[in-house]
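Below, chains carry the letters A, B, ... as their sequence lines are ordered, and counting in each starts from 1. What you see is a predicted model, and the numbers here were worked out from it, not measured in a lab.
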Amino acid sequence: MIVIVDYGLGNLASIGNMIRKAGGKCLISGDPDRIAGAEKILLPGVGHFAAGMEHIHSKGLEAVLNDKALKQQVPVLGICLGMQLMARHSSEGDVRGLGWFDADVRHFRTEQMQSLKVPHMGWSDIHLAGTHALFPAVEEQQRFYFVHSYHMVCDREEDILASAEYGYRFTCAVSRDNTIGLQFHPEKSHRFGLEVMKRFVQWNP
Amino acid sequence: MRRIRIIPVLGIEGGQLVKTVDFKNPNYIGDPLNAIKIFNDKEVDELTIVDIRASKNKAEPNYRLIGEMAGECFMPLAYGGGINQADQARRLFDLGVEKVIIGSAFYTNPDIVSQLAVRYGAQSIVVCLDVDKGLLGKWKVKSVSGTRKQEQNPEALAIRAANAGAGEIVLHAIHKEGAMSGYDLPLIQLVSAAVGVPVVALGGARGIPDFLDAIQAGASAVAASSTFIYNRNNVRSILINYPTQKQLSEELFNKI
């Protein structure tokens, strides 16, 4: 069972819809006991980083998430804010994150944006830095839906799975062992996202 | 290549898909779920659904239908119509709607925008400005299906919406609605330059050249209704359509 972590932020119904369409079984829960029993974890989220961490703390979820991701090493997929929370720090609210990636979350460098407006809201092509079980090895350009004002900046090159361009190249997917984070929304990205979700349902890192 | 969002807008009334011209004479198009399935197959960037009479009739959003529609949407979905309390927005988000569009309530209960933005993030709160052009060529913002005039001008209201926390502004030119005579480009220029948040142009589009014009005038995304619903060669026959990625790349994305 995939547990979609409900910490009070994000459109969980859409993610549940897409997982079911991808052939997976899922449960939406913010209960630490339920999360402890998960085979896979999906960390969703849209909204403010500091609010996200605050909710995780107030629901007492940090310990169980750390245990699942780092000790038990079950597959974990973070989407949008859920990806960002895996970093050690965000300038959105100047608070620490879960720290699974040696990375910081920073606002788009607006001085490099020309006339582009922030948030980055819309579809962008992604450029994979290597191969990963969640992405098909196909010729066709993969495009995904993004909504964000902040993006992750990694210390370690090898954590970067994909980048996209908005004003400049930024990291839009990170992976390390059993954890993967996507800045974009596969649950809102048609067949491109469905493919990623299908692969997550089947993934055994 | 920079992609621009191209957003079909579907009007609903009493559970049916309708198209109006200048907020009048609703033409019945068909079953909204069927239309959404077609737009899914065509891989549209995003979809907007507006209940065109909910505010005027003081009706609640049709949650059952919206939930069914959201379940079919594997692209972002925005919903507007009849939202005047934060609770309604929460219910819509729970159904799988990504963005709520605040129209009439922005004038009667402006706090709703900031309340929702703080709670759900600016990216999920859209304010729609319905702008009409008067006899003397002056723009007038209207609410409640175009029946009530607002005092402030479009750019002042757009700034107010952005300051309240709206993550996006849909700039709807009523006088262009269903006219298929191109967007109101000076209006787009004026409002886009006034705010830092994305402005979505709506009203008047005939096709890709108009989308390009709107983007060059400063819009961050474009929306349209008639052009995606009617057959281009026979304006009164219904043909749900959307440009291919190839067309969009060649005729739009590569030109911006």
Between [options], which residue shows the highest count of heavy-atom pairs closer than 4.5 Å to chain A?
{"options": "Asn40(B), Val199(B), Ile4(B), Asp94(B)", "answer": "Asn40(B)"}
{"options": "Gly218(B), Gly71(B), Ala221(B)", "answer": "Gly71(B)"}
{"options": "Gly121(B), Pro76(B), Gly96(B)", "answer": "Pro76(B)"}
{"options": "Glu168(B), Glu98(B), Arg2(B)", "answer": "Glu98(B)"}

So which of [options] has the largest heavy-atom pair count under 4.5 angstrom toward chain B?
{"options": "Arg143(A), Glu165(A), Arg191(A)", "value": "Arg143(A)"}
{"options": "Asp125(A), Val46(A), Val147(A)", "value": "Asp125(A)"}
{"options": "Val118(A), Asn17(A), Leu12(A)", "value": "Asn17(A)"}

- Message: Please classify the contact between His190(A) and chain B as side chain, backbone, both or neither, with a heavy-atom cut-off of under 4.5 Å.
- Response: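 Backbone plus side chain of His190(A), per the 4.5 Å heavy-atom cut-off to chain B.
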
- Task: Could you tell me which portion of Leu81(A) (side chain, backbone, both or neither) has an atom closer than 4.5 angstrom to a non-hydrogen atom of chain B?
- Result: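 No part of it gets close to chain B.
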
- Is the backbone of Tyr120(B) close enough, under 3.5 Å, to the side chain of Gln123(B) for a donor and an acceptor to pair up by distance?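 Yes; at least one donor-acceptor contact below 3.5 Å.
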
- Query: If only atom types and distance count, is the side chain of Lys99(B) paired as donor or acceptor with the main-chain N or O of Gly167(B) below 3.5 Å?
  - Reply: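 Not at all, since once roles are kept as given, no pair shorter than 3.5 Å links the two residues.
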
- Message: Which atoms of Val197(B) are under 4.5 Å from chain A, going by heavy atoms: the side chain, the backbone, both sets, or neither?
- Response: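 The backbone, not the side chain.
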
- Message: Counting only non-hydrogen atoms closer than 4.5 Å, does Lys42(B) touch chain A with its backbone (N, CA, C, O), its side chain (CB onward), both, or neither?
- Response: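 The answer is neither part of Lys42(B).
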
Can [X] and [Y] be counted as an ion pair, charged N to O under 4.0 angstrom?
{"X": "Arg64(B)", "Y": "Glu68(B)", "value": "yes"}
{"X": "Lys176(B)", "Y": "Asp210(B)", "value": "no"}
{"X": "Arg199(A)", "Y": "Glu195(A)", "value": "yes"}

- Hey, does the Lys NZ or Arg CZ of Arg5(B) hover above the aromatic six-ring of Tyr145(A), less than 6.0 Å from the centre and inside 45° of the axis?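 Not satisfied by the 6.0 Å and 45° rule.
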
- Message: Is it the case that over 12 heavy atoms from other parts of the model lie below 6.0 angstrom from the CZ atom of Arg176(A)?
- Response: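 More than 12 within 6.0 Å, yes.
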
- Within 6.0 Å of NZ in Lys21(A), more than 12 heavy atoms from elsewhere: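 Open: at most 12 neighbouring heavy atoms sit under 6.0 Å from NZ of Lys21(A).
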
